[in-house]
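Read through the structure below, which is laid out as structure tokens, and then see the notes.
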Amino acid sequence: MARRRPARGGDGTGPEGTSQGGTVQEGTGGAGTGTRPRLVAARLSPRDVLHVGSGGLRSRPLRVVLSALGIAIGIATMISVIGVSASSEEQLMRRLDQLGTDMLVATPGKSVFSGEEVELSRNAVGQVARIDGVQHAGATGTVDADVRRNARIPADDGVGVSVQAASEGLLKVVRGEVGSGTWLNGATGRYPAVVLGHVSAERLGVGRAGQQVWLGDRYFTVVGILDPLPLAPELERSALVGWDAAEELLGFDGHPTAVYERSASDAVSAVRDLLPATIDPQNPQDIEVTDPSAKLQARAASEGAFDSLLLGLGGIALLVGGVGVANTMIISVLERRYEIGLRRSLGAARGQIRIQFVTESLLLSGLGGAVGVVLGAAATALFAHVDGLPWVVPAWSVAGGFGATLLIGTLAGLYPAVRAARLSPTLALHAV
Amino acid sequence: MTRVVGLTGVTKEYAGGVTALREVDLTVEEGELVGIVGPSGSGKSTLLHIVGTLDRPTYGTVEIAGFDVAALSDRELSALRARHVGFVFQAFHLVPGVSARDNVAEGLLYSGMPRAVRRRRADEALARVGLADRAGHRPHELSGGQKQRVAIARAVVGEPDLLLADEPTGALDTASGESVMELLHELSAAGATIAVITHDTEVADRLPRRVRLRDGAVVEDVLGRVPDRVGGNVPGRAHGLVAGGAGADA
């Protein structure tokens, strides 16, 4: 003021010829007689909105933490539920990629005429291997013998391990790995040697290759133990002996009971069509063809389906958190009536008071949401680490969590903000 | 002279049949220093609200800085307050935990000026009230008198056409109160238009013009500083002030 007045007198303009804060007022006649330019309320810059909106939070840090906590817990629950499911699914999908989706298994079905189980021909593997596109083929044949830890275990004390004759190429088809020892070869396949799936090894109490198990009526030496085979879980529970040894020592008839083949990816459907007729040209309808990767895919999808109960709990926590934020905002408005009055007297329009409190509410819930995302991601990481899963937090869950937070922040802040804006500006003057 | 405040026939009735103001006519010219005096319940707070455009009259017209208040929307009224009216409160209403400079700059927040300009002007305003060296202090580090000076700096930082002070000395001890009144006199001498609302006759009697309210009506509107009926004044001083005449601040 002190600076303005002399200048006014000096330049001789009308007393109203003043420019303040962006309003330009044209000098006119005496007050009340002339028309004044319209008053235009200034807009707050985004930075000022943020500053004003965070003012209330900065002065009450403990309350901010407590009321943001509810939102944080809700978001963290939802993110971790989704994250853990996604991690499990990712694990299976990665396995599937590794194992490939190009393996098919042909098994004998029941004859449509006799109703009896049909037999596959002895040279089914050779025929399948000649199909265009087939890269590897192998077979197993069920052997009528049981396997025990040693001879002193009674025969009826079954451990659920079946004895199978395995062709030499089988391991390549199922992409199995031998964890301990070696796979059957031309030499060991003729002698009482056995390779155990990892489940059967466990059930028979065999820790490493070199031990012996009682199989049929003699001891067989365990030459190898397989790693888990997700594409052929039936082999995990088998004791595999060489084709020749099975025929010579265990009375195996030489008919395969499952033919495994792996082809180029683009040939899978063609091979699928040709398989039954190749194996049994007379009765192709009796041959069943299955795709083990399809089962694994279905399992991955079900692992990926998150627990809706836990998700619902997270949603409830979020809702309660939102109610907490609304509550905090209402109290904040009550406590700061003087501040609202002061701001109105300083020239804040109703809309600017509304924006201030909606911003505060958004910051409060946004803070909770951010902390929740971090906590949820950390919980997922911990779970994934403990279970040896890959760590996956889907972007859509983070975006969805934030979206929900902002929606809650707006809803929770709107009513208190409207109330704040409706307060009479004379309140600041009714002080103390 | 330009009319800064023009009230004509202003009546304010509150719900429940209370009439706070009856047919008040009041004109304040540019550069005046007016005391609005009256006991509590006399309607001076209501008058302050209406002059400060925080409230609207039930009847009558209000013209502030040349604007007819009745014709303005909430947004326009807010802009009017942001640019043309400054408030000083009894309880200061400084934002705790925020430096004096930022408290003063808050007075320009709704004027649309950029932040840097607001802070620079805040420093200038603090210098004007003699607190240039306290710009970085927070309210709890300031005395009551200093707080009120910061509040006055906040009110004048936007160079308003009208400064309204509501019991500016009400929360202060005598010495601080005197220094605050001195500051208001200085601002007035520099050309500011100021209305001081007070129930304190001692404060009022030193103002060049007093508008006395009772039961919502103006009962007295006197120019000249020293009414004879106020006891305790040194006659010589009173004489000199009377000679100065109404409205002359030099």
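Nothing here was measured: the structure is a model prediction, and the numbers come from that model. Chain A is the first sequence line, chain B the second, and so forth, proteins listed ahead of strands; every chain is numbered from 1. Basis for what follows: all heavy atoms, side chains included, without hydrogens, waters or symmetry-related copies.
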To the nearest 0.5 Å, atom CZ of B/R115 lies from atom OG of A/S45 at 8.0 Å
Here the gap from A/L39 atom CG to B/F67 atom CZ, rounded to the nearest 0.5 Å, amounts to 3.5 Å
To the closest 0.5 Å, what do you measure between CG (A/L342) and CZ (B/F87)? 10.0 Å
Using residues 326-333 of chain A as the side-chain source, report each donor-acceptor pair under 3.5 Å to any protein atom, sequence neighbours left out, with the distance given to one decimal.
unit_1	atom_1	unit_2	atom_2	d
A/T328	OG1	A/G324	O	2.8
A/S332	OG	A/R336	NH1	2.7
A/S332	OG	A/E360	OE2	3.2

Please list, in residue-number order, every residue in residues 51-61 of chain A that has a heavy atom less than 4.5 Å from any heavy atom of chain B; write 'none' if there are none. A/H51, A/V52
Should we count NE2 of A/H385 as having more than 12 external heavy atoms under 6.0 Å? no
Which of residues 361-379 of chain A have a heavy atom under 4.5 Å from any heavy atom of chain B? none
When the 4.5 angstrom heavy-atom criterion is applied to B/L72 and chain A, the contacting part is side chain
Verify, without hydrogens or angle tests, whether A/D48 (side chain) and B/L109 (backbone) share a donor-acceptor contact under 3.5 angstrom. no
Best-contacting candidate, B/G52, B/G107, B/A171, B/S78, against chain A by heavy atom pairs under 4.5 angstrom: B/S78
Identify which part of B/E186 has an atom lying under 4.5 Å from any heavy atom of chain A, answering side chain, backbone, both or neither. neither
In terms of heavy-atom pairs under 4.5 Å, which option from B/V157, B/L77, B/L80 contacts chain A the most? B/L80
Rounded to the nearest 0.5 angstrom, the NE2-CZ distance for B/H93 and A/R343 is 12.5 Å
Using modelled atom types only, decide if a donor and an acceptor are shared between the side chain of B/R81 and the backbone of A/R344 within a distance under 3.5 Å. yes
Tell me the closest heavy-atom pair linking A/S345 and B/L54, and the distance in Å. CA-CD2, 4.0 Å
Is the number of heavy atoms from other residues, nucleotides or ligands under 6.0 Å of A/R63 CZ greater than 12? yes
Answer yes or no: are there more than 12 heavy-atom neighbours, outside B/Y59 itself, under 6.0 Å from its atom OH? no
CD1 (A/I355) with more than 12 external heavy atoms under 6.0 Å: no
When you look at CZ of B/R75, are more than 12 heavy atoms from neighbouring residues, nucleotides or ligands closer to it than 6.0 Å? no
Side chain to side chain contact (heavy atoms under 4.5 Å, CB included) involving B/K147 - partner list, sequence neighbours excluded: B/F92, B/L94, B/L142
Would you indicate whether the side-chain heavy atoms of B/R154 and A/L346 approach each other to under 4.5 Å? yes
